[in-house]
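Throughout, a chain's letter reflects where its sequence line sits, starting with A, and its residues are numbered from 1. Worth knowing before you read on, the calculation uses all heavy atoms, side chains too, and leaves out hydrogens, waters and symmetry mates.
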Amino acid sequence: MTQEKLLLLDGNSLAYRAFFALPPLTNSQGIHTNSVYGFTTMLQKILEEEQPTHILVAFDAGKTTFRHSTYTEYKGGRQKTPPELSEQFPYLRKLVEAYNMKRYELENYEADDIIGTLARQAESRGLPVVVISGDKDLTQLATDNTTVYITRKGMTDIEHYTPAHIEEKYGLKPLQIIDMKGLMGDASDNIPGVPGVGEKTAIKLLKEHPSVEEVYENIDAMKASKMKEKLVANKEQALMSKELATILLEAPIEVKVDDLKWDGPNVDELFTLWKELDFKTLIEKSEYESEEHETMELDYKIVDDLTDKELVTGLAIHLEIENEHYHTALQLGVAFVNEEQAYFVTYENVLKSESIKNYLEDEQKVKYVFDLKKHQAAFARDGIKLQGIEFDLLLAAYIDDPAFASDDVAAVSNHYHYSDIQSNEVVYGKGAKRTNPEGEALAEHACRQALAVFTVRDRVLKKLHENEQFDLYNEIELPLAKVLAGMEIEGIRVEASTLEEMGVEIKARLAEIEANIYAAAGEKFNINSPKQLGVVLFETLGLPVIKKTKTGYSTAADVLDKLKPEHDIIEHILQYRQLGKLQSTYIEGLTKEIHADDHKIHTRYQQALTATGRLSSTDPNLQNIPIRLEEGRKIRQAFIPEKEGWQLFAADYSQIELRVLAHMSQDENLMQAFLHGLDIHTNTAMKVFHVEEDAVTSNMRRAAKAVNFGIVYGISDYGLSQNLDISRKEAAEFIERYFESFPGVKTYMEDIVKEAKSQGYVTTLLNRRRYLPDLNSSNFNLRSFAERTAMNTPIQGSAADIIKKAMIDMDLALKEHKLQAKMLLQVHDELIFEAPVEEIAILEKLVPEVMANTVKLDVPLLADYSAGNTWYDAK
DNA sequence: GGTATCACG
DNA sequence: ACGTACGTGATACCC
């Protein structure tokens, strides 16, 4: 039994509030919708949070009320309701109807009075009340039983007025709000109050004497002042103002609390109205989140086995597993669905069924899934080699728009207007409440997800064809998923004892450094807490503050670097941080991920996540294993080949991003540099500093390298100045000189931003897209960020396209050459293999050749390579 | 769950 | 004048 709760809404006030709070919005017919929209979003939020059982929306009736007989100027001087708002009232009425909420207005009375009267009725029977308005007058109704919600700035930012909150905010009891209004008046209602008395003065007076009446009873004792004169002169007006501000608690209303029972909205009617008003995001959000939305009947069957009659080509299959870690997660069951059948088989029964296993492995039997790689990996654990996958909704949706990447079938399907499905969060619950679904719930969820894949397939493919992205999806991402599955399943051997030995040493050194730090600081504290460290450095030790974060002092490495000359403790802290990172993230973190059975680590590549088309790696991340500092680099000694007599082999693209830039910009100087095989940073230094090669100092080369990076990132003078620790002006000059030397790059950068602004997105070499809605933002920061993104994404994304294609080619090449070598890892511009020693010489020719020739650019692609007994040694 | 920091390309 | 380098993931704090 749910707790009963009454919700009372001040319709007029909320409508006005929403109208002025939101920017003008219109639907496709040009009708203004901002008030209705604000009202709706507020309502959605309140309904979800409060779960009311009774609701009434009160409106003002007509122009005059009983208050006008007290004071004819009441609410006088108000601006006429703007027509843009007036035209929205019919829709507000429809909205309230669609929500199935009781609506009420009463001649001669205001919405406030209706609300006040019902709040008191509810109070007398102990029914909790929430009042919602945009008008603070209503806070006078707050009691222990009634909370008043007042909307702030937007419509969904709401302040909760309880008696305690009012006490805290004004130092007054709720009923004293009336006295406050009596004294200070209210300009919006044209209540005069006492001229010259504002909120501060009114509160001060009421703290001395708790009501308007008592203020006047004690007025003689007040010492002479301008204020006293005004109070005396306006006594009648103050008392009348108080009367006007008082909400009636006994209005002659005809509705009773019991009439207000609410059983939820009429979903169809509500959606129809939202569609008419073009509330698209609201519809999508609501369809996705709604736990109770009606799903269509689905005629699914739970069976123990399937025969060839059911196991036909062209089924959507869906393997349901207990969590996203598909290398270890418990498999629950499989759905087999097309337009005329929906079957669910528990995983246990799948393993018992030869016919099903044969079907899954039959390449001729076409199947559709959501996340091919997950399916292949999870089935592979039981020796099932899933084949014949022709469609992957996850990848197709990612190519359509990488911003909509989601591992939830429901979220992706909703994006394609298919909503007959529930999200994993709804089915599994979240946080501590998460549990695996069983029986019917499990079967239905699996079948609905498979049906979604089956249904949405046509829509997504159509879109991919329209945008000329089908090839990218079908020739790159889909085959790559299979290659990645193989790499993940294979895994890489990591020697736990190597890590452990390093850990022992690091632990001892950390203890030593820790003691040094405490000695230097003169106290013990948590070095890992930036907050505590900040206090020690900048307060106890009084070091100069160079940079601040949102929450306090910055203690980041670049700041500490500058503080090194100031105090010996800094060196120790940097050392402590470096070793602490190695210990927690790499020694301990990686050790946890080593599988006990095969001594290997099996990462998961996220193929539908990044905005640019790159992969990412999780659980653990094998794309950020230390290399820059020698101490960290040793971690790579723990990564070894699977077998005796084998080696690791690594090959990486040289300057792939700058080569892509040369190709795309067609800048003459940049292209020449690569065509002649020059050192690119030295060459840039020569051009920027106008010197001969011999005269390029290491500092000049370092600066040129930073400029080259900056160009790839979408340059800004500030960013470059930070990186090189030079002034912004100097950085700006560098950039200017760079563009003088490489005018083609300059033109390209300008053109790409222009093009992106006009079409709304940027593209890569293989036609990957990234939409950049913020390019036209009025917010400088958002817009600048989008502009840099427009410059960076085609470069980073095209490099990602190239290595993805190289991986597919490489996988094929290994098979064609019948090599035992296996591709194990990808690190953005680098591929790592393991192979018998006798194959290394073959790889040294084959791998760079495949990588260099996978696409044809107008500058050469080049890959460097190396082999060794560990990953560390393959350098 | 957000923030700071630091590891990689 | 605005306040930034692009793309990620893991860990430790702290509310």
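- Look at A:Thr551 and you'll find a side-chain N or O under 4.0 angstrom from OP1 or OP2 of B:dA4.
- Salt bridge A:Arg636/A:Asp873: absent, no basic N to carboxylate O contact under 4.0 Å.
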B/S/- along nucleotides 10-15 of chain C (protein heavy atoms under 4.0 Å) is BSSSSS
Mind running side-chain contact (heavy atoms from CB on, under 4.5 Å) on A:Thr684 and A:Tyr738 for me, showing each step along the way?
-> CA-CA 8 Å; A:Thr684 302; A:Tyr738 178 93; 3.9 Å; yes
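- One atom, CG of A:Asp829, and another, C1' of B:dG9, lie 6 Å apart when rounded to the nearest Å.
- For C:dC6, the base has a donor-acceptor partner in the side chain of A:Gln796 [N/O atoms by modelled type, under 3.5 angstrom].
- Nucleotide B:dT3 holds its C1' atom 15 Å from the CG atom of A:Leu533, rounded to whole Å.
- Geometrically, A:Arg770 does not engage A:Tyr761 in a cation-pi contact defined by less than 6.0 Å to the ring centre and at most 45° from the axis.
- OP1 or OP2 of B:dC8 sits under 4.0 Å from a side-chain N or O of A:Arg628.
- Nucleotides B:dC8 and C:dG3 are separated by 31 Å at their P atoms, to the nearest Å.
- Considering only side-chain atoms of A:Ile715, the nucleotide from C:dG7, C:dA5, C:dC2 that sits closest is C:dA5.
- The side chain of A:Arg577 contributes an N or O atom lying less than 4.0 Å from OP1 or OP2 of B:dC6.
- The nucleotide whose nearest atom lies closest to any side-chain atom of A:Pro626 is, among B:dA7, C:dG3, C:dC6, B:dA7.
- With a 4.5 Å cut-off on side-chain heavy atoms, A:Leu484 and A:Met487 count as touching.
- Rounding to whole angstrom units, CZ of residue A:Arg728 and C1' of C:dA5 are separated by 12 Å.
- For C:dT8, the OP1/OP2 oxygens have no side-chain nitrogen or oxygen of A:Arg614 closer than 4.0 Å.
- In this structure, A:Glu750 pairs ionically with A:Lys746, as a charged nitrogen and a carboxylate oxygen lie closer than 4.0 Å.
- Of the listed residues (A:Met791, A:Gln666, A:Met749, A:Gln655), just one forms a side-chain contact (heavy atoms from CB on, under 4.5 Å) with A:Leu661, and that residue is A:Met749.
- More than 12 heavy atoms of other residues, nucleotides or ligands sit less than 6.0 Å from atom NZ of A:Lys562.
- Looking only at side-chain heavy atoms (C-beta outward), A:Ile527 and A:Tyr518 come within less than 4.5 Å of each other.
- Taking 4.0 Å as the cut-off between side-chain N and carboxylate O, A:Glu488 and A:Lys373 count as a salt-bridged pair.
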Pairing pattern in dot-bracket form [Watson-Crick, G-U; both distances under 3.5 Å; | = partner strand] for DNA chain C = .....|||||||||.
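- Taking the side chain of A:Val827 as heavy atoms from C-beta on, and the options C:dG7, C:dA5, B:dG9, the nearest nucleotide is B:dG9.
- Heavy atoms of A:Leu615 sit nowhere under 4.0 angstrom from any nucleic acid atom.
- Note on A:Thr555: a side-chain N or O is less than 4.0 Å away from OP1 or OP2 of B:dT5.
- Summarising the geometry, the separation between CD1 on A:Ile735 and C1' on C:dA5 is reported as 10 Å, rounded to the nearest angstrom.
- Using a 4.0 Å heavy-atom distance criterion, A:Ala800 is classed as making no nucleic acid contact.
- Rounded to an integer number of Å, the gap from A:Ile625 CD1 to C:dT8 P is 19 Å.
- Ion pairing between A:Arg493 and A:Glu495 holds under the 4.0 Å rule for side-chain N and carboxylate O.
- A:Ala790 comes within contact range of no nucleotide atom at all, as no heavy-atom separation falls under 4.0 Å.
- The CG atom of A:Leu622 sits 13 Å away from the P atom of B:dG9 (whole-angstrom rounding).
- Among the protein residues, A:Ala557 comes within range of the sugar-phosphate backbone only, with heavy atoms under 4.0 Å from sugar or phosphate atoms but none that close to a base.
- With hydrogens and angles ignored, no donor-acceptor pair closer than 3.5 Å exists between the side chain of A:Ser616 and the base of C:dT8.
- To the nearest angstrom, C1' of C:dC6 lies 14 Å from CG of A:Leu720.
- Set against B:dG9, B:dC6, C:dC6, the side chain of A:His828 has B:dG9 as its closest nucleotide.
- To the nearest whole angstrom, the two P atoms, one in C:dC2 and one in B:dA7, are 32 Å apart.
- A straight line from CD1 of A:Ile803 to C1' of C:dT8 spans 15 Å, rounded to a whole angstrom.
- Spacing of P atoms, C:dT4 relative to B:dT5, comes out at 14 Å, to the nearest Å.
- Contact check for A:Leu582 versus A:Pro626: side-chain heavy atoms found under the 4.5 Å cut-off.
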